[in-house]
Trainee: 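Mind having a look at this structure? Questions to follow.
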Amino acid sequence: WAVGGLMAAGSLFGAGSDRKAAQNKISYIQEQQKGLGQATAQLNEITGMKTELAEDVYGTSLGGAMSQTGQSLYGLTRQGMGAQSRMGFANSEQLNTSMERGQQGAVDAFGFQRQGLQDVLGQKLMDIAEFKGSEESRINTERERLRFEMEEQQRKAGSGGFIQSLLG
């Protein structure tokens, strides 16, 4: 009986320390889960800032391209008017055709620049979306792992072993 009593006492003490360790682990898991919630909020903030920055860069670059095109068109118009005043109206049809080609070239160049900027913006937005999706997946995987670990620790914290179940 003495050996049985010692085993029962050891089981009670062992179960108590296992339960305490499980409760400590539960607290640790809860802190990790809280951190994942903060990481999700930070991810949304970071992707929002990255998106805003990409759009700002696009807007600034587009504004620069528009300004450059406007200056080119203004310069072509001034050159044409100067040439027309020197040549007179006799050659104005040829001059007008030449000016129209120059203006159309400037407009076409702007169109290519704008399309290039839109392509870059689209790629950056896609990269941001891929980054966010990857991070969300990583966070959700970790969240799921912690959920399973939490269930295991709660089971351990709730079980007192064979002897305690007889006494309880």
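Hydrogens, waters and symmetry mates are skipped; everything else that's a heavy atom, side chains included, is used.
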Trainee: Can you name the nearest heavy-atom pair linking L36 to L146, along with the distance?
Mentor: CD1-CD1, 3.6 Å
Trainee: Strictly by modelled atom types, are Q115 and D119 linked by a side-chain donor-acceptor pair under 3.5 Å?
Mentor: yes
Trainee: Go through it in stages, so that I can follow the logic: the residues are K132 and E135, the test is salt bridge (charged side-chain N to carboxylate O under 4.0 Å, His left out), and I'd like the CA-CA distance, side-chain angles, deciding distance and then a yes or no.
Mentor: CA-CA 5 Å; K132 184 177 183 183; E135 287 299 303; over 6 Å; no
Trainee: If every non-hydrogen atom of A106 is compared with every non-hydrogen atom of S72, which pair is closest and at what distance?
Mentor: CB-CB, 4.3 Å
Trainee: Identify the heavy atoms of R143 and G37 that sit nearest to each other, and give their distance.
Mentor: NH2-N, 3.8 Å
Trainee: Under a 3.5 Å distance rule, please check whether S137 uses its side chain to pair with a backbone N or O of G133 as donor and acceptor.
Mentor: no
Trainee: Less than 4.5 Å apart, any side-chain heavy atom of Y58 and any of V120?
Mentor: no
Trainee: State, with a plain yes or no, whether a side-chain heavy atom of M99 is found less than 4.5 Å away from one of L76.
Mentor: no
Trainee: Identify whether I46 and I139 are in the same connected component of the hydrophobic contact network (ILVMFWY, side-chain heavy atoms under 4.5 Å).
Mentor: yes
Trainee: Please check this pair: side chain of T60 against backbone of D56, looking for a donor-acceptor N/O pair closer than 3.5 Å.
Mentor: yes
Trainee: Got a salt bridge between R155 and E151, using NZ or NE/NH1/NH2 to carboxylate O under 4.0 Å?
Mentor: no
Trainee: Within a radius of less than 6.0 Å around CZ of R145, do more than 12 heavy atoms belonging to other residues, nucleotides or ligands occur?
Mentor: yes
Trainee: Considering non-hydrogen atoms only, spot the tightest contact between Q153 and I29 and give its length.
Mentor: CG-CD1, 3.9 Å
Trainee: I'd like to know if the side chain of E144 pairs up with that of N140 as donor and acceptor (distance under 3.5 Å, no hydrogens or angles considered).
Mentor: no
Trainee: Here's a test for you: under side chain to side chain donor-acceptor pair (under 3.5 Å), which of E152, Q154, E149 qualifies with K25?
Mentor: E149
Trainee: If we ignore hydrogens and angles and just use 3.5 Å, is the side chain of S134 paired with the main-chain N or O of F131 as donor and acceptor?
Mentor: no
Trainee: So do the side chains of Q103 and T77 get within less than 4.5 Å of each other, counting heavy atoms only?
Mentor: yes
